[in-house]
Amino acid sequence: MAAEEEVKSKGGNKYSLIVPTYNERLNIALLIYLFFKHLRDVDFEIIIVDDGSPDGTQDVVKQIQGVYGEDRILLRARPKKLGLGTAYAHGLKHASGNFVVIMDADLSHHTLLCIICNRKQRETGASIVTGTRYVRGGGVHGWNLMRKLTSRGANVLAHTLLWPGVSDLTGSFRLYRKSVLQNLIESCISKGYVFQMEMIVRASRKGYHIEEVPITFVDRVFGSSKLGGSEIVEYQKGLAFLLGTT
Amino acid sequence: MKHIVKIITLLVTISALWTGLLQMSLVPRSHIWLLPIYFIVALGCYGLLMVGIGLMRFPTCPKEALLLQQDISEAKEFLKQSGIDVGSD
């Protein structure tokens, strides 16, 4: 709390970038380099919440800490896979910035997008800036027709049922005011990516000022993407849950 | 109020209007009985239309993909020079 006040009194904003990881040994190293390359004039820290990756992700992070400093890169690991929601909550406990950016470690979102989100937030004073892949200026790369169809179908279904107020519900690139994120995390109980959906829907219901920016999503550069039948079932269950409880 | 309550209220209002129309018999009854079917079909068509339009206008970002690849090569160079071992993928 004291750190946050200090930051505000200096007139600057500090951004805590929370990146949950699991077996992202190569990606996390590249990601950190790209953060430092593209976010030069920004006061930020990177909080890596690793769920006990067996591939040595934490070792790589520790090596990189040697290059950039432990005050800029915080490794806050957990013993095993404990879920996305709790990863954010865990990272949030160690965040000293007044804004929090949440993103994936797999390089699907370019680090430059952080700048765009920051700018939008400064322009509009929004509490949440969420990325959308469905508007012009944003987009995807590396998706086949089936994937696009599934994504679009899921999106239309969610819009018809939930009237969420944002165009992209399942995107995982967002900037939150820290106090807002704390409030939301306490109210959300879903697991996995449905958690992301629950957060933005609840935020919309609570009347927070939400802005959107177009973001680009380059499909998993390294590693394999997961989208199968079980994900579709989980999605529909998630929608039903959100329909009934938000 | 919860979203589901909003939706149920909307459906109840529409049902009330529909029942009202049935009572008034300004229009032949057979048409009014079919209105719910028309409504559902229209909703389905609207949904398919939105999916189709969305699919056609789905934006892509080949330029960003290229920039990302360049950034990644640069990053790998840096990591190699700094002696950070990331292993092979």
Side-chain angles (χ1 to χ4, degrees), chain A residues 25-34 36-38 55-56 59-60 63-64 66-67 107-108 110-113 133-143 145 148-149 151-157 159-164 201 205 214-219 221-223 242-246, chain B residues 1-15 35-89:
Chain A
R25 185 192 171 103
L26 174 57
N27 284 332
I28 197 64
L30 301 173
L31 189 68
I32 295 177
Y33 173 80
L34 291 177
F36 281 96
K37 174 181 173 186
H38 291 291
D55 73 341
D59 296 327
V60 171
Q63 287 182 56
I64 296 192
V67 177
L107 297 174
S108 50
H110 202 284
T111 46
L112 270 175
L113 296 173
R133 297 158 293 178
Y134 297 124
V135 303
R136 196 160 4 152
V140 301
H141 179 85
W143 277 17
L145 188 64
K148 285 186 190 174
L149 183 64
S151 176
R152 245 327 173 182
N155 193 258
V156 168
L157 186 63
H159 264 88
T160 314
L161 289 176
L162 293 174
W163 312 350
V201 173
R205 303 282 186 251
I215 60 165
T216 52
F217 183 97
V218 179
D219 202 9
V221 183
F222 302 109
L242 288 175
L243 190 59
T245 58
T246 56
Chain B
M1 75 167 84
K2 291 232 187 292
H3 186 70
I4 190 81
V5 173
K6 257 193 257 175
I7 293 201
I8 290 179
T9 315
L10 194 64
L11 288 174
V12 164
T13 317
I14 294 180
S15 309
L35 275 180
I37 314 282
Y38 293 157
F39 176 67
I40 294 176
V41 171
L43 198 61
C45 289
Y46 171 76
L48 285 173
L49 185 71
M50 295 312 292
V51 172
I53 291 179
L55 201 58
M56 281 196 299
R57 298 182 52 207
F58 217 126
T60 56
C61 54
K63 274 201 308 245
E64 277 76 7
L66 204 60
L67 284 174
L68 186 61
Q69 289 303 329
Q70 288 170 346
D71 263 347
I72 288 179
S73 327
E74 192 185 310
K76 280 186 171 168
E77 241 341 281
F78 172 81
L79 292 175
K80 206 160 46 157
Q81 283 167 358
S82 312
I84 296 175
D85 167 39
V86 284
S88 54
D89 194 42

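Bear in mind that the values here come from a model prediction, so they are computed numbers and not experimental data. Lettering follows sequence order; numbering is per chain, from 1.
With a 4.5 angstrom heavy-atom cutoff, A:V156 touches chain B only via side-chain atoms. There is no contact between A:V201 and chain B, counting heavy-atom distances below 4.5 Å. Residue A:L34 touches chain B through its side chain alone, counting heavy-atom pairs closer than 4.5 Å. Looking at A:H159, there are no atoms closer than 4.5 Å to chain B (heavy atoms on both sides), in backbone or side chain. With a 4.5 angstrom heavy-atom cutoff, A:S151 touches chain B only via side-chain atoms. When heavy atoms are compared at a cutoff of 4.5 Å, A:L161 approaches chain B solely by way of its backbone atoms N, CA, C and O.
In this structure, CG on A:L242 lies 11.0 Å from CD1 on B:I4, to the nearest 0.5 angstrom. Here A:L30 contributes atom CG and B:L68 contributes atom CG; the two are 9.0 Å apart, rounded to the nearest 0.5 Å.
Nearest heavy-atom pair, A:K148 versus B:T60, reported as atom, atom and distance to 0.1 Å: NZ-CG2, 3.7 Å. In terms of heavy atoms, B:A75 sits closest to A:Y33 at CB-CD2, 3.2 Å. The minimum heavy-atom distance between A:V218 and B:A65, with the atom names listed, is CG2-CA, 3.9 Å.
Here the side chains of B:L79 and A:V60 are not in contact, with every heavy-atom distance at 4.5 Å or above. The shortest side-chain heavy-atom distance between A:L145 and B:L55 falls under the 4.5 Å cut-off.
The ring-ring contact (aromatic ring centres under 6.0 Å, His included) test applied to B:F58 returns A:Y134, A:W143, not counting sequence neighbours. When the salt bridge (charged side-chain N to carboxylate O under 4.0 Å, His left out) test is applied to A:K37, the partners found at least two apart in sequence or on another chain are B:D71, B:E74. With sequence neighbours excluded, no residue forms a side-chain contact (heavy atoms from CB on, under 4.5 Å) with B:P59.
Residues of residues 42-50 of chain B that come within less than 4.5 angstrom of chain A, heavy atom to heavy atom, are B:G47, B:M50 in numerical order.
A donor-acceptor contact shorter than 3.5 Å is absent between the side chain of A:H141 and the backbone of B:K63.
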